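Comments concern the structure below.
Every chain is numbered from 1 and lettered A, B, ... according to where its sequence line falls, protein lines coming before strand lines. The model shown is predicted, which means the values in this text are computed figures rather than measured ones.
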Number of protein chains: 2
Amino acid sequence: MIVAAAVRLLDEQGEAKFSMRALAARLDVTPMSLYWYVADKDDLLELALDVVAGEMELPRTSDGLRWQDGLRALAVTWRAAMLAHPWAVRIYNDYLNIGPNSMRFSARALEISRESPLPEPDAMAALSAIFQYAYGFTATEVNWQEKAGAAGTTTEGLIEEITEAVLEIPGVAESGVVTERPKEPEAVLRERQFHRALDWMLAGMAAGVAAP
Amino acid sequence: MIVAAAVRLLDEQGEAKFSMRALAARLDVTPMSLYWYVADKDDLLELALDVVAGEMELPRTSDGLRWQDGLRALAVTWRAAMLAHPWAVRIYNDYLNIGPNSMRFSARALEISRESPLPEPDAMAALSAIFQYAYGFTATEVNWQEKAGAAGTTTEGLIEEITEAVLEIPGVAESGVVTERPKEPEAVLRERQFHRALDWMLAGMAAGVAAP
DNA sequence: ACCTGAACACCGTTCAAGT
DNA sequence: ACCTGAACACCGTTCAAGT
């Protein structure tokens, strides 16, 4: 199917290099033949995004799980799907995400948020907060990986290089903007930071904060 | 100056319609003359982003302010600058943001995060978390506004339309995915949600959470 | 030092036409 | 029902040339 081919090409080449013409070439057809299956490029990308949504696991509701763990599981599976298809996070906000898989995921997310003791409007706000954070974290993460990939190095290597370059700028070394990097591998650190922020948010929600 | 003109054009037309050729036309020169001042389009956009960073207020350190209020102020001024230049949030992650204004802002952000009682690595993680959330929230917010603008309506109107359309899909009405909208104006609600999530994160940080 | 013209290698998409 | 060819209105950028 044409959408599957689009996903494959996006995975291989990234969003920047993806084009209707490139996809057509890959399928050995004229660019215009794609338009028989799909209204336009936006339409195709929207369908591709729903394929990614289809890879997100639906955490079970209740069954002994605390609501905090449910919300965390939503964020974790969402991020995992996005990391598997880095182009998806880049275009995520450009579309409404109302395809069948996206809707299924949203429905489950709502169910889970309602298991919290928070009053309805807060439960919604909590869910939004979790996803906005997950989106921000993952988008940043993916961009670093892509920049590193383009520069032919790893995220760690790139940070190293930039740190050195930035230190050359007069005044920067003394300003303290550049901090010691922890010695742990980047991936471990990232994972911990992602969960650390979720810890904070979930703890704040559980405490039923009004204003700090 | 050419960067100022770029910012103005981006503000007026948005990122999608912005091009080197369009900017050149606006300045009554050939597209190629721009390349005397700027290496390429990326270079120009990076400079434009630093102009936006220059509009962010630097919250004062200490002087009686609690560190929580400092972190909140950082998020608030960052979001305000981005809302004033919606194109900026769209391209924010594509660049390193190491221009002078960006660096000044980062330096102040670090100072503020260090006023918290958190141990150094946690203080860094806290700062990242705040900005990743602010980025996710603002990116989502801006995208809704742009989609609404393109459809010739407001964010509220667009949500209304989409809700109705989605309810037409068989099975959706019963699924409970579509929720009651609060009766408050959208802008007020958004503002509250932004701060609500900050409340949660800051409360969690202050509580020095290890794992919930 | 500053700007131009012509050209190259790309885009997404329309429209009329083919099988 | 499915695909093509030619064309249109765009991009960013190189390169050699002008003043």
Using Watson-Crick geometry (N1-N3 plus N6-O4 or O6-N4) or G-U wobble (N1-O2, O6-N3), each under 3.5 Å, D/dA7 is paired with C/dT13
Send over the distance from A/D43 CG to C/dT13 P, rounded to a whole Å. 10 Å
Without decimals, in angstroms, what is the distance between B/Y35 OH and D/dA17 P? 21 Å
Rounded to whole angstroms, how far apart are CG on A/L44 and C1' on C/dC11? 15 Å
Using the closest heavy atom to pick a nucleotide of DNA chain C for each, name whichever of B/W36 or A/K17 lands nearer the 5' end. B/W36
Between B/M20 (CE) and C/dC11 (P), how many Å, whole number? 20 Å
Does C/dT19 have a Watson-Crick or wobble mate here (both distances under 3.5 Å), and if so which one? D/dA1
Earlier contact from the 5' end, DNA chain D, for B/M32 and A/M32: A/M32
Quick one: does NZ or CZ of B/R79 land under 6.0 Å from the six-membered ring centre of B/F194, within 45 degrees of the ring axis? yes
Just call it for A/S19: base, sugar-phosphate, or nothing, with non-hydrogen atoms closer than 4.0 Å on any strand. sugar-phosphate
Round to the nearest Å and state the distance from B/K41 atom NZ to D/dC11 atom P. 9 Å
Out of B/L45, B/D43, B/L44, which residue meets the side-chain contact (heavy atoms from CB on, under 4.5 Å) rule with B/V3? B/L44
Is any side-chain N or O of A/Y37 closer than 4.0 Å to OP1 or OP2 of D/dC3? yes
Candidate nucleotides D/dA1, C/dT4, C/dC11, ranked by approach to the side chain of B/T30 - the nearest: C/dT4
Atom CZ of B/R21 to atom P of C/dC3: distance rounded to whole Å? 18 Å
A/R8/A/E12 under salt bridge (charged side-chain N to carboxylate O under 4.0 Å, His left out): CA gap, chis, key distance, verdict: CA-CA 6 Å; A/R8 229 173 309 125; A/E12 288 171 28; 5.9 Å; no
Are A/D94 and B/K147 close enough, and set up right, to give a salt bridge (charged side-chain N to carboxylate O under 4.0 Å, His left out), and what steps lead you there? CA-CA 8 Å; A/D94 295 339; B/K147 273 201 278 275; over 6 Å; no
Roughly how many Å is it from CG in B/D42 to P in D/dC11, rounded to a whole number? 17 Å
Roughly, in whole Å, what's the span from CG in B/D40 to C1' in C/dA9? 17 Å
Other residues, nucleotides and ligands only: do more than 12 of their heavy atoms fall within 6.0 Å of CD on B/E184? yes
